[in-house]
Every structure is written in structure tokens, then in C-alpha cells.
Enquirer: 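Here it is: the structure, laid out below.
Order of the sequence lines fixes the chain letters, A, B, ..., with proteins taken first and strands second; residue numbering starts at 1 for each chain. The figures here come from the full heavy-atom set of this structure, side chains too, leaving out hydrogens, waters and symmetry mates. Since the structure is predicted, the reported quantities are computational estimates derived from the model, not experimental observations.
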There are 2 protein chains.
Amino acid sequence: MDIREIAKRARVSTATVSRAINRIPTVNPQLAKRVWSVIEELGYYPNTQARALVSGRSRIFGLIISEITNPFFPEIVQVFERIAVQHDYEIMLTSTGNDPTHMEAAVRRMIERRVEGVAIMTFGMEEVLLEDLKLRKVPLVFVDVGPPRARVSNIRIDYLHGIRQAVQHLAALRHHKIAFISGPLHLKSAEARKQAFLGSMEEIGLEADPALIVEGTHTIEGGIVAFGKLLDGATRPTAILCSNDMTAMGVMRKAYEEGIRIPSDLSVIGFDDIRLAQFVLPALTTVQMSQADLARLAFNALLTELQRETPSATGTEYTLKTHLVLRESTRLVSDHPKTPARKTPARP
Amino acid sequence: MDIREIAKRARVSTATVSRAINRIPTVNPQLAKRVWSVIEELGYYPNTQARALVSGRSRIFGLIISEITNPFFPEIVQVFERIAVQHDYEIMLTSTGNDPTHMEAAVRRMIERRVEGVAIMTFGMEEVLLEDLKLRKVPLVFVDVGPPRARVSNIRIDYLHGIRQAVQHLAALRHHKIAFISGPLHLKSAEARKQAFLGSMEEIGLEADPALIVEGTHTIEGGIVAFGKLLDGATRPTAILCSNDMTAMGVMRKAYEEGIRIPSDLSVIGFDDIRLAQFVLPALTTVQMSQADLARLAFNALLTELQRETPSATGTEYTLKTHLVLRESTRLVSDHPKTPARKTPARP
DNA sequence: GCGGACATAGTAAACGTTTGCTCCCAAGGA
DNA sequence: TCCTTGGGAGCAAACGTTTACTATGTCCGC
């Protein structure tokens, strides 16, 4: 069913129907009403692709994340989608698993659908692709992963603030053997968190023992094996700061299996503050980075860039704050752990 | 950049370019090669909306779920997307929060984008909308929520099998005061699970105490309050079967707060087997309903319906099995709970 | 040497909108 | 009365593809 069909039945031209549909004020209210009633009656829905074709606007934004099954992302997706719908945009979502091949395929599909902007929340963007996108003047916003050379918008995350709070909190609880389980270090965001940890430790005058710094994968499984490595090491930490909440959950799981009590034997702090963090046992003390704010920031970045008459050559920088939220997984260091440890803790 | 541009540079007609792109065998390999090299050189990407417009195929499937933040869904979305991409389809995802208004808006948007099929995994589909969709002969597949009157494809879930196993397992562990926390009972799927529980109890000769059956919301929060109600009741259950894993996590959380030990004081069984279930403390015994299989089933249902020359008037029924997976949250009933209970358990 | 049968490539008409122009008409000013 | 102005509607040309149909050339059999 056509716009022409509607035009015929309402005894007007297609132009008028189009104008009525788009609520363009120059059309006579009487006519508009007639048009609308025909539309209702026939159950007509305009064809988006025809519209997009002629107007040159697809009303689609791309959203590239690494894994939808990572609980950090659904919240973002939800908020992003909600705002998009309010602005009459559709979102084209894709999880790449940080795999450049997937990434490439995804970007190609997005270009073919002529997305009007892309928010990239994952690693693995190749320069070539980026050029392809920039060539087409597609607004881009990276969160925290922008390639240094590219002049695109970027949402910086102020890791330092939250992580410093976390370290200070731990120090105040008299921990000094503080371990850090990072994310995969080829991720810029993981590296940045690690640096923030190192910096904070130094600031506060605590030594960051290299043996207490291990690389994880930002997954529960990664947390389990990383904590395993820590347990195999010579010095036993009294507190662990994790690069994300999933890792922390892995640590908690491993601790459970080993009979290590949290927080009495071990304090754990996560990062991200996914929703689950408050329901985990014990509820996780963690550094919050608001997923909703992140989504909002990203969407607005795209929108402003799109509305700019002269696309900014340099891109804009936004910043998202982080801060510690206290829950149940941290406690004053105990000198006499009650629970049997897997190995004798290296303690004089 | 056009197909015409390509045609000009490759010194062929647009028809030939189109054929080359679509790998239609009637085109001379020499020419095809020439065309492709121009395409590469210019970095041309075909315009999907133009394609869709003339071919009448959008290559988009709609996927309607209730909440992307419910960990049950991301797994489905991931698998669904993966298969879709393999078949050169895009997916248009929407979470409705079981809200008919959102639902309606979503369906409207999907019709406007001319989706070729819709998988519906949420409640709230109005008959009117359904008619709109059916009028346009859009293949539809409901999972477990198909309105009785509509003749559409449906994925039935065999709740009974898994739930019967769960009840039998509990009975074998000598539990007889078994509580059930349902989902919101206006959801057909929640009601079905409850009926499966009731049926299984009767089968095995156990009485299902109405006071031990309470309605939840399929969320952690819901599990917390539902368990609270149970604790306030006269009889204290020794085991709880939950309508989904989130509810079970709520129960575990509440138990933790109340100092009730799982599984020593209370056995808990969930439903769904979300990935998290194995990492929770203790790991959750639960009834598995494979999210990956569900996604595959739904996608294939859409695809077959689409390929059918004469669309089936009645729709096809598919069935997904469920079965119990044993983990750490269940144990033989203990006659002497060691932990102080919030109230004296009603025990002779 | 001619007719037919193929194999290939090109021509041009869709697909369903939006939108720049043009046209008409009524009202107001001189 | 005539001219201007402007509101409001229609005409028709795009948008970037696919594809039915047509045209061309080649090869083969008789």
C-alpha cells in the first residue's frame, strides 16, 4: 500500500499526503485531517527505506560493543535504545567479541545501511575502517578507546578518581598487601585502570608489589584463574582490586571454593558497578561508572556532531566521572584469619 | 558514490555491475573482475535501502524481548544475531518491558522498516497489532506466549520435564515442605511453570501447601520480597523452587541477609540456567532451558516460514526440552538447622 | 550460407518516498 | 481596475538499486 493509494482516496496529491504525514504546517488542516483518516482506515505505514533513500537519512545509529552477554553492556544498550527511540532513531547493535574480523564485518554492514553515526565501545577498530567511516563523514564517538591518531569524538573516563578512592579506602582499612587483577592489557581501558591503580598506590605511599599484579580477562573465569595465580604466589594479598565486576565475581567464586571468607579474610573491590554487584554475596564494594550516563553521553555526542553544520575536524572530548560505592566486600584487615588457607600464607 | 559511477569507470552498464556484485553467473568473469577492482578501488558499498526498496526485501528480522538487562536474554540475542549475520540478515532489537504501549510502538517501527519476520519473546501483544502483522504476511514466531486464537508459529517449552526432575530431586533429598515462587502470573510462561510444579508435586504424592506458593516478578528484587513473605508465614519451607534464576538469586541474597545457609538450611532450585547460575555462591541447581537452542529454533522458524511458498495458515509448533542440572544449592534436608532462624520454624 | 539457439550485455522501468518548482487563487494596496 | 504578495496545492524529478525485456554476437547443424 502506497502513498499514492492514500493520495487517490483522499483526493489530493502525493505531495500533500507526504506533507500531512510529516506534519508540515503549510497544509490545510482540513486536508490533513482527511489524509490522516484515510491513513488510519487503511492501516498505512510509510516505507522507511523509500524515505531514507530520497532524504538521504537512514535514521539509524550503529552501536558496537564487545559482548552483549557481559552484564556491563545491556544497561548501556537499554538506555541508548530508549533515547534513540525518543529521537526517532533505530539502533543497529553488534557485539564483536573484540575480534577485528567481526568488527570489520560489522562496520561494513553499518556503512551499507548508511548509519548516521556510530558509537564504538570496543577494541579492534582498524585504521582502514576508520578511514572508510570518516571518508563518509559519519559521526563517530569512541568511548575510551579512540585511536590516538584519529581526530574523533571521545568519551574519556576518569578512572583515577574512583580508583584513588578505592585504594584510599583499602589503605584506611589498614590493607597494604593490595593485589590488582587487570583486564586484558591490550585494551586501552584496561591499561588505563592499571595505571590509575599504580598511580594511586604511589600517591598514598604504598608499594605495589609486582607479584601482586596479574592480568585477567574481564570475565568471571578470568577472575577465577587470576586469583588462583595470586594464591600460588609467595605473598598473600589481604585485599584485591579488580579491573571490573565480573573479575571480582570470579575472585569471590574462587574464594568460596577455597574456603576463604570475604570480607573477613579478604577484601574485594570491583569496577563498573553493574547492577548485579549489589546482589552478589557479599554485596560488592566497587567503583561506579554509570552505564546510563555513558549511554547518554555517547548518544548526545553523536547527535551534536550530526547537527553541527561544519563537522568538527578535531572531535570533542567528554569525560565521565567514576567514584567508589561502599558495600559489604571490604573490611578492616584481620591479623588472624580464621579460615584455613589453601597454602600457608607467607606471613612471618 | 553510485553503482553508476562504478559502471562508468568499468565501462559497463549498471545492470552488469549489479550482476557482478550479486555474483550472478551469467556475467563474464573478465568483466566481473574489472567491476570488482573498480569497486575495491573506490571503496564502494551498495546502498541497502535502495536494494531493499526495489527487491522488496529488507533483510531485517525483528526480535522483541522484555528486558535486555535480564541476563536471560543477552545469550539469546547473541546467538540470534550471530545466525542472522550468517544469513545476511540484520536484527532489529527491542525491549518492551512487557509494556503494551512500548510493544505497540516497537511493532509499528518494525512494520515501517518492513521487517521480514518477527520473533516475539515477551508478553503484551495486542490482537490489533497481530492483525496488522498478519495482514502483511510477516512471518511470526512466538515463544511460549502465542495468543490462543492466533494461528502463528510457536515455540512451546516443555516445562514439565525439567520441573518434574527438580521436584523429584528435592523429594529424593527428603524435602516435603517445598515452596514455589512463581513469576508474574499474568505471563503465560509463568503460569505454565507453576502448573508444572503443581502437577509434579501431585504426581509424586506430595502436597503443595498453598501458603508456600507465592508470586514473584522474575527479578532479584522479587525473589527477595517473595522469600520475605515465605519467612513471615507459618510453615517454613526446607526447599524453594523458583520460576527463574533471578528469583533464586533474590532468595539467596535474602537468605544471606537472614543468616540462613544454603544448602544446609535451605535448598534452592532455579529455572533457566543463565550463565551466571554456575558462578553464584553456592552454584545454583537449576532447570536448564537452552537459550542458544531457543534462539536457533526461533530463527529457523522464521526462515522456514519465509521460504514456504504458500504461507501456512496454521503455524508450526516447535518444542524445547528442559532438564535439571545439579549444582551446589540443594542438599538432603537437615532436621536440625544449625543457624538461628529469624522466626521459630513451625516444626513439631 | 542460413536459421536457430545460446550466452552476455545493455536499456529502461520500476520500487515508494521527498521536495524544488510551478501554478492558482484570494486578498490587499495603489 | 490592476498589480503584488503569499498561502497552499500539485507536478515531476530525483534517490540507488534490481530485473524483465531486448539486442548483439557467436557457434553450430544442415
Enquirer: Is A:Asn28 near enough to D:dG7 that one of its side-chain N or O atoms lies under 4.0 angstrom from OP1 or OP2?
Expert: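 No, outside the criterion.
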Enquirer: Out of D:dC21, C:dT17, C:dT19, which nucleotide sits closest to the side chain of B:Arg19?
Expert: D:dC21
Enquirer: Do the non-hydrogen side-chain atoms of A:Asn300 and A:Tyr318 ever get within less than 4.5 Å of each other?
Expert: no
Enquirer: Just to be sure I understand the rule, does B:Ser18 reach a base, reach only the sugar-phosphate, or reach nothing, if contact means heavy atoms closer than 4.0 Å?
Expert: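 Contact class for B:Ser18: base.
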Enquirer: With a 4.5 Å cut-off on side-chain heavy atoms, are B:Tyr44 and B:Ile21 touching?
Expert: yes
Enquirer: Rounded to whole angstrom units, what separation is found between the CD atom of B:Glu112 and the P atom of C:dT17?
Expert: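 To the nearest whole Å, that distance equals 10 Å.
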Enquirer: Within this structure, what is the CZ-to-P distance between A:Arg51 and C:dT18, rounded to whole angstrom?
Expert: 5 Å
Enquirer: Does OP1 or OP2 of C:dC15 have a side-chain N or O of A:Asn47 closer than 4.0 Å?
Expert: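 Looking at the OP1 and OP2 atoms of C:dC15, neither is under 4.0 Å from any side-chain N or O of A:Asn47.
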Enquirer: Would you kindly give the CG-to-C1' distance between B:Leu31 and C:dA7, to the nearest whole Å?
Expert: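 Rounded to the whole Å, the gap is 13 Å.
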Enquirer: I need the CD-P distance between A:Gln49 and D:dT18, as an integer number of Å.
Expert: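 Between P of D:dT18 and CD of A:Gln49: 13 Å.
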Enquirer: Between C1' on D:dC11 and CD1 on A:Ile3, what's the gap in Å once rounded to a whole number?
Expert: 14 Å
Enquirer: With nearest nucleotide decided by heavy atoms, which residue, B:Arg114 or B:Ala15, maps closer to the 5′ end of DNA chain C?
Expert: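 Looking at the nearest nucleotide for each, B:Ala15 comes out on the 5' side.
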Enquirer: OP1 or OP2 of C:dG10 sitting under 4.0 Å from any side-chain N/O of B:Thr16?
Expert: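 True: B:Thr16 side-chain N/O within range (under 4.0 Å) of C:dG10 OP1/OP2.
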Enquirer: Flag the pair A:His218 / A:Phe72 as yes when at least one side-chain heavy-atom distance between them is below 4.5 Å, and no otherwise.
Expert: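 SC-SC contact between A:His218 and A:Phe72 ruled out.
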Enquirer: Measure from the side chain of A:Thr14, starting at C-beta and using heavy atoms only, and say which of D:dC11, D:dC15, D:dA12 lies closest.
Expert: D:dA12
Enquirer: If you compare all heavy atoms of A:Glu81 against all heavy atoms of A:Ile91, which two are closest, and at what distance to 0.1 Å?
Expert: CA-CG2, 4.1 Å
Enquirer: Does the distance from a Lys or Arg side-chain N to an Asp or Glu carboxylate O, for B:Glu112 and B:Arg108, drop under 4.0 Å?
Expert: yes
Enquirer: Rounded off to whole Å, could you give me the NZ-to-P distance for the B:Lys8 and C:dA9 pair?
Expert: 21 Å
Enquirer: So, does B:Tyr44 get its side chain near the phosphate of D:dT17, meaning an N or O under 4.0 Å from OP1 or OP2?
Expert: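 Checking D:dT17 against B:Tyr44, a side-chain N or O does come within under 4.0 Å of OP1 or OP2.
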Enquirer: Quick check: on DNA chain D, is the nucleotide nearest A:Leu53 upstream (toward 5') of the one nearest A:Ser13, or the reverse? Name the residue that is more 5'.
Expert: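 Looking at DNA chain D, the more 5' nearest nucleotide goes with A:Ser13.
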Enquirer: A:Ile21 CD1 to C:dT19 C1': how many Å, rounded?
Expert: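 So the CD1-C1' distance, A:Ile21 to C:dT19, works out to 14 Å.
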Enquirer: What is the distance, to the nearest angstrom, from the CZ atom on A:Arg4 to the C1' atom on D:dA13?
Expert: 14 Å
